[in-house]
Amino acid sequence: MSWLTHTLNGLAYGSLLFLVASGLTITFGLMRTVNLAHGAFYLLGGYLAYDLATRGTDYWLAMAIGVVGAAVAGMIAQRLLLHRIAGQELPQIVLTLGLALVIGDQILAHYGGDPISPPTPPGLTGPVELGALVFPKFRLVLIGIAVGLALLVSALLRYTPIGAKVRAAVDDQEMARTVGIRVPLIFLLVFGLGTGLAAFAGVWGGAFTSLSPDSGFDVLLLALVVVIAGGLGSIPGALVAALAVGLVEEFGRVLFPGWAMFTLYAAVALVLALRPQGLLGKGAVR
Amino acid sequence: MSRRILAVAAAAVLLLAVPVALDSFSVFVASRILILGLFATAYNVVFGYGGMPSLGHAAFFGIGGYTVGIAVTRWAWPMPLTMPVALVLGAVAGAVFGLFCLRVRGVYLLLITLALAQAVFGLAFYQTELTGGDNGIPGIPRDGVPTGSGFYLLALAVTAGCVAALWAFQRSPAGMTILGMRESESRMSATGYQVATIRVMAFAVSGAFSAVAGALEVYLQGSVSTASLSWQISAEVLVFAILGGARRFLGPFLGAAIVTGLEVWVSTYTDRWTTVLGVVYILTALFLADGVLGRSRSLLRRLRRGAAPPAEEAADESVIVEAGK
């Protein structure tokens, strides 16, 4: 029975990773903006919601403000900073690392270094009992949310006019501009969507694993792993990879505790070295 | 050429005067600048000269540090034994990283090196019997290792020796192949060079001297922890190189000196040094893509517009890297 619990735990953790990775696969995989501050926006959303909720704000309102606040912060960063170095990977890396340091340090200054947990969504607390299996309701719902979000974002990109514009803006900026697509606006909105998704993951991820000012980078790394292993810009790939990483992480921790991070990252490095385009990715790497 | 000899002589006099002229805290800071400067210079073999943006060099720095920590506390090895072993282990780790990076470029290379460095971090974090886990190895005895000014002079000697070796390496035929690979891989392999071997060699040399810097750092601090393996160290050395100027041999060293000096100065005023560091990163990305040296050079050229650049300087430009692309 404990195996089933571990499997569900792994899947729930993988679902959380997918929530983070879905935002990253949009900004990094699709827009090709290397955003190493993604984990910082995850923290920003989580801490904002936690702060409001502890002051007595209604849970769903606190969550909405956390998500929207981080999305707005992301859009400001995109417009004021990242916009100036579009297409230059190395400066993007340095800039977003700097942004991550600033956000992490400011969170440390305001909330201290001890881990915090935003509350579990009301109605999702407590366990589900299915026969002999007892499992937290919240974690089961998380799995459902991840699959639903994967379908929603894929459909948004594939079937809606906005999705078509996004794909056009990414594939050929100049041609998209020529036919009247407002590329800078699209990029701004897509970046906001990406950071908003990161913040949403932060609110719920915090309720799952707790948050601390330096946990943003760990989350970012796992999300990067998911995005790349799944194939850049591929939402279904990200879902598969996220669930796989969640399971590897859970069982790795249980079976080989002394080698926890080593096995995961060494395996990822090996996958990348042999198949740089990712598991489900297509085409050659530049 | 005589100008260069004069400059080296002047620098040597200044560096040797540090322990005489400054207080003990400043000497400590100067030792740290030397060590991080060596790290940045070694890093640039892969980054500036090799055109390979690594974000995993903390691994080599930390491997050097843990070599000292483990060897000294367990077997009481003396410094003349730990330093060469750190160098060799750094070279081996560098070669392994290089092998992983054979087929990837750009962002992918960056992410592979990051993943590999996290794997090393994971080892140090979870193999607690050997490494002390999260606590690291505190209170490493420094028998036979001088302190204060003596350590500064030792660090100066090691750094000068290593930087001179790196300079000679990069000017050697083998070192020049790294430059050639950066400029045009296809032409290098068409002329018969083994590009794979060159990559592995660049990583091995860079890893070896990065590990020496990490070992020196542990002798300076008297302890080692997983902090020396964290991604922040990898990011910092990347910023050293870009900020100082990855196009020039001494650019990264200058970057290390600027950031470390700034850190000491700022932290006397505020605890929020990390925020300031983040702002330095952001400003570097926005305004200093070719580094302080690159900036000052182009400024100088603008001032002297019309005058032909001296031939010697033109030759230096052959070690250009497109750090901004």
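Below, read A as the first sequence line, B as the second, and so on, with proteins coming before strands; counting in each chain starts at 1.
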> Do other residues, nucleotides or ligands put more than 12 heavy atoms under 6.0 Å from B:Gln194 CD?
Replying inline: no
> Between B:Leu238, B:Val104, B:Leu111, which shows the greatest number of heavy-atom pairs under 4.5 Å with chain A?
Replying inline: B:Leu111
>> A side-chain contact here means heavy atoms from C-beta on lying under 4.5 Å apart; do A:Leu264 and B:Gln118 qualify?
In response: no
>> When you compare the side chain of A:Phe262 with that of B:Val120, does any pair of heavy atoms fall below 4.5 Å?
In response: no
> Is it the side chain or the backbone of A:Ile85 that comes within 4.5 Å of chain B heavy atoms, both, or neither?
Replying inline: side chain
> Which atom names give the shortest non-hydrogen contact between B:Ala235 and A:Leu97, and what distance separates them?
Replying inline: CB-CD1, 3.6 Å
> Do you know which of A:Ala109, A:Ala100, A:Ala266, A:Ala267 has the most heavy-atom pairs with chain B at a distance under 4.5 angstrom?
Replying inline: A:Ala109
>> Using the side chain to side chain contact (heavy atoms under 4.5 Å, CB included) criterion, which residues pair with A:Ala71? Sequence neighbours excluded.
In response: A:Thr195
>> Give the interface residues of residues 209-224 of chain A toward chain B, defined by a heavy-atom separation under 4.5 Å.
In response: A:Phe217, A:Leu221, A:Leu224
> Any idea which heavy atoms bring A:Ala269 and B:Ile112 closest together, and the distance?
Replying inline: O-CD1, 4.0 Å
>> Surrounding CZ of A:Arg79 (heavy atoms of other residues, nucleotides or ligands, distance under 6.0 Å), is the total greater than 12?
In response: no
> Pick from B:Leu114, B:Ile282, B:Leu102: which one has the most heavy-atom pairs with chain A under 4.5 Å?
Replying inline: B:Ile282
> Of the backbone (N, CA, C, O) and the side chain (C-beta and beyond), which part of B:Glu129 lies under 4.5 Å from a heavy atom of chain A, both, or neither?
Replying inline: neither
>> Taking every non-hydrogen pair under 4.5 Å, which of B:Trp231, B:Tyr281, B:Phe121 racks up the most with chain A?
In response: B:Trp231
>> Heavy-atom cut-off 4.5 Å, strictly under: side chain, backbone, both or neither for A:Leu270 against chain B?
In response: both
> Looking only at heavy atoms, which two atoms of B:Ala115 and A:Tyr265 are closest? And how far apart?
Replying inline: O-CB, 3.2 Å
> Does the side-chain contact (heavy atoms from CB on, under 4.5 Å) test come out yes or no for A:Leu101 and B:Gln232, once each step is laid out?
Replying inline: CA-CA 9 Å; A:Leu101 285 179; B:Gln232 281 101 330; 4.2 Å; yes
>> Would you compute the distance between atom CZ of B:Phe287 and atom CZ of A:Arg84 and round it to the nearest 0.5 angstrom?
In response: 6.0 Å
> Which one of B:Leu116, B:Leu286, B:Leu99 has the most heavy-atom pairs closer than 4.5 Å to chain A?
Replying inline: B:Leu286
>> Would you say that B:Arg272 contacts A:Leu108 through its side chain, given a criterion of any heavy-atom pair below 4.5 Å between the two side chains?
In response: yes
> Going by heavy atoms in the side chains, are A:Val34 and B:Leu110 under 4.5 Å from each other?
Replying inline: no
